[in-house]
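Following: one structure in structure tokens, then a few remarks.
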Amino acid sequence: MLFLQKIIYKLPIKCLYIFKYMFMKTKLSVNINKVATIRNARGGNNPDVLKVAKDCELFGADGITVHPRPDERHIRRADVLALQAELRTEFNIEGYPSKEFLDLVLRVRPSQVTLVPDKPSQLTSDSGWDTVAEQEFLRDILNDLRSAGIRSSIFIDADARMAEFAAKAGADRVELYTGPYAHKYAANREEAIAPFYETACRVKQLGIGLNAGHDLSLENLGYFTDVIPWVDEVSIGHALICDALYLGLEKTIAEYQKCLIKR
């Protein structure tokens, strides 16, 4: 499969629109951190994070994403262990590669680990790695993940050089931090996506996978994957859970999946 993927990434960009429609629909990974935040606000187990994750799978999600932080303010270590035992789709664990985090993911061995440069005090991921300055640090961690059979992804800004050095460090994929795209989308979507398209093209040339996430929504998701149809996976949490308050979880996931079908 990896061999076929590398061949596909080398095709002309126009051809990828056809492949997206026929074979390579972008996968939707639902980030359930916000569900855990609601649960933790009152204690107990309502809403049930494990049940919500399994329902997301039932309703059509291609994967589940969690970000266990050191203070366990939303997803807890116990949640990660429980999810790994029950999930049937891809499991993506995000986090800063502290010793505690790496011990957890090497124990759980999820489908994918996404490394983010967050400090413990940050509310959310709001910038990518400097893969040039952190090259040696990242390389050692990526080697450990590869040895454990875990696909790796490095969270980066829309910067071709950061993608190049992520690949050099040994990353299987990069995840583009799409916050700036989402913030500029309403004013000028062509201008907003330009640096992401440029970086995504470089990622394709490098022969590694491409993920995207942060502030993607029903408003801006379809355009992003129409312009960059070779995105392997998007991870969406905050907007999706907010939409589910009005539409319900099943309909919301269906609406997001519709955005990922070539129109």
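Residues Ile236 and Ser29 have side chains not in contact (no heavy-atom distance under 4.5 Å, counting atoms from C-beta outward). At least one side-chain heavy atom of Leu249 sits under 4.5 Å from a side-chain heavy atom of Val52. Counting only heavy atoms from C-beta outward, the side chains of Ile253 and Cys56 approach each other to under 4.5 Å. The closest side-chain heavy-atom distance from Ile93 to Gln84 is not below 4.5 Å. Taking the side chain as every heavy atom from C-beta outward, Val30 and Leu240 approach each other to under 4.5 Å. In this structure, the side chains of Asp232 and Thr26 stay at 4.5 Å or more apart for every pair of heavy atoms. The closest side-chain heavy-atom distance from Glu233 to Glu175 is not below 4.5 Å. Side-chain contact check for Asn188 versus Glu190: some heavy-atom pair is nearer than 4.5 Å.
Checked against the 6.0 Å centroid criterion, the rings of Tyr96 and Phe101 do not qualify as a close aromatic pair.
Partners of Lys184 under the salt bridge (Lys or Arg N to Asp or Glu O under 4.0 Å) rule, at least two apart in sequence or in another chain, do not exist in this structure. Looking at residues two or more places apart in sequence or on another chain, you find no side chain to side chain donor-acceptor pair (under 3.5 Å) involving Thr178. For Glu164, the salt bridge (Lys or Arg N to Asp or Glu O under 4.0 Å) partners two or more places apart in sequence, or in a different chain, are Arg202. Residues passing the side-chain contact (heavy atoms from CB on, under 4.5 Å) test with His183 are Asp215, sequence neighbours excluded. Considering only residues two or more places apart in sequence or on other chains, Asp103 meets the salt bridge (Lys or Arg N to Asp or Glu O under 4.0 Å) condition with Lys99. Qualifying side-chain contact (heavy atoms from CB on, under 4.5 Å) partners for Ala200, counting only residues two or more places apart in sequence or in other chains: Leu210, Ile228, Trp230. By the salt bridge (Lys or Arg N to Asp or Glu O under 4.0 Å) test, Asp144 is found to be paired with no residue, residues two or more places apart in sequence or in another chain being considered. Residues passing the side chain to side chain donor-acceptor pair (under 3.5 Å) test with Arg139, sequence neighbours excluded: Gln135. In this view, Glu134 and Trp129, Phe137, Leu138 satisfy the side-chain contact (heavy atoms from CB on, under 4.5 Å) rule, not counting sequence neighbours. The side-chain contact (heavy atoms from CB on, under 4.5 Å) check on Glu86 picks up Leu50, Lys54, with sequence neighbours excluded.
When every heavy atom of Asn211 is checked against every heavy atom of Arg173, the shortest pair comes out as OD1-NH1, 3.0 Å. The nearest pair of heavy atoms linking His74 to His67 is CE1-O, 2.8 Å. When all heavy atoms are compared, the tightest approach of Ser152 to Asp172 is N-OD2, 2.9 Å. Residues Ala171 and Leu142 approach most closely at N-CD1, 3.5 Å, considering heavy atoms. Across all their heavy atoms, Asn92 and Gln112 have their closest contact at OD1-NE2, 3.1 Å. Listed here is the closest heavy atom pair of Ala53 and Ile64: O-CD1, 3.7 Å.
Side-chain polar atoms of Ser217 and Asn220 form a donor-acceptor pair below 3.5 angstrom.
To the nearest 0.5 Å, the span separating CG on Asp226 from OH on Tyr223 amounts to 9.0 Å. Separation of atoms CZ (Phe196) and CG (Leu176) is listed at 6.5 Å; rounding is to 0.5 Å. With values rounded to the nearest 0.5 angstrom, Glu94 atom CD is found 5.5 Å from Thr114 atom OG1. Taking NE2 from His214 and OH from Tyr181, the interatomic distance works out to 14.5 Å, rounded to the nearest 0.5 Å. Rounded to the nearest 0.5 angstrom, Cys259 SG and Ile261 CD1 are separated by 9.5 Å. Taken from CG in Leu260 to OG1 in Thr225, the straight-line distance is 5.0 Å, to the nearest 0.5 Å.
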Tell me, with the steps shown, if Ile156 and Tyr177 meet side-chain contact (heavy atoms from CB on, under 4.5 Å).
CA-CA 6 Å; Ile156 66 169; Tyr177 166 53; over 6 Å; no
Step-by-step salt bridge (Lys or Arg N to Asp or Glu O under 4.0 Å) determination, Glu72 to Arg77:
CA-CA 7 Å; Glu72 296 193 322; Arg77 289 175 61 88; 5.2 Å; no
Any chance you could lay out the side-chain hydrogen bond (donor to acceptor under 3.5 Å, both in side chains) test for Asp62 and Gln257, step after step, and finish with the verdict?
CA-CA 9 Å; Asp62 301 300; Gln257 288 287 20; 3.1 Å; yes
Step-by-step side-chain contact (heavy atoms from CB on, under 4.5 Å) determination, Val66 to Phe91:
CA-CA 8 Å; Val66 297; Phe91 191 19; 3.7 Å; yes
Does the side-chain contact (heavy atoms from CB on, under 4.5 Å) test come out yes or no for Val35 and Ile75, once each step is laid out?
CA-CA 9 Å; Val35 177; Ile75 290 293; over 6 Å; no
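Listed by first and then second residue, the side-chain hydrogen bond (donor to acceptor under 3.5 Å, both in side chains) pairs that reach into residues 42-53 are Asn45-Asp48, Lys51-Asp55, sequence neighbours excluded. Sorted by first and then second residue, the pairs that involve residues 242-253 and meet side-chain hydrogen bond (donor to acceptor under 3.5 Å, both in side chains), not counting sequence neighbours, are Asp243-Tyr256.
Checked by atom type and distance alone, the side chain of Glu57 pairs as donor or acceptor with a backbone atom of Thr89 at under 3.5 Å. Side chain of Asn31 to main chain of Ser235: no donor-acceptor pair is present (N/O by atom type, distance under 3.5 Å, no hydrogens or angles). When atom types are taken as modelled, the side chain of Asp79 and the backbone of Arg76 share a donor-acceptor pair closer than 3.5 angstrom.
Checking each of Thr199, Asp157, Val132 against Met162 for a side chain to side chain contact (heavy atoms under 4.5 Å, CB included) leaves exactly one that passes, namely Val132.
For Arg161 and Asp159, the salt-bridge test fails: no basic side-chain N is under 4.0 Å from an acidic carboxylate O.
Within 6.0 Å of the CZ atom in Arg107, the count of heavy atoms belonging to other residues, nucleotides or ligands does not exceed 12.
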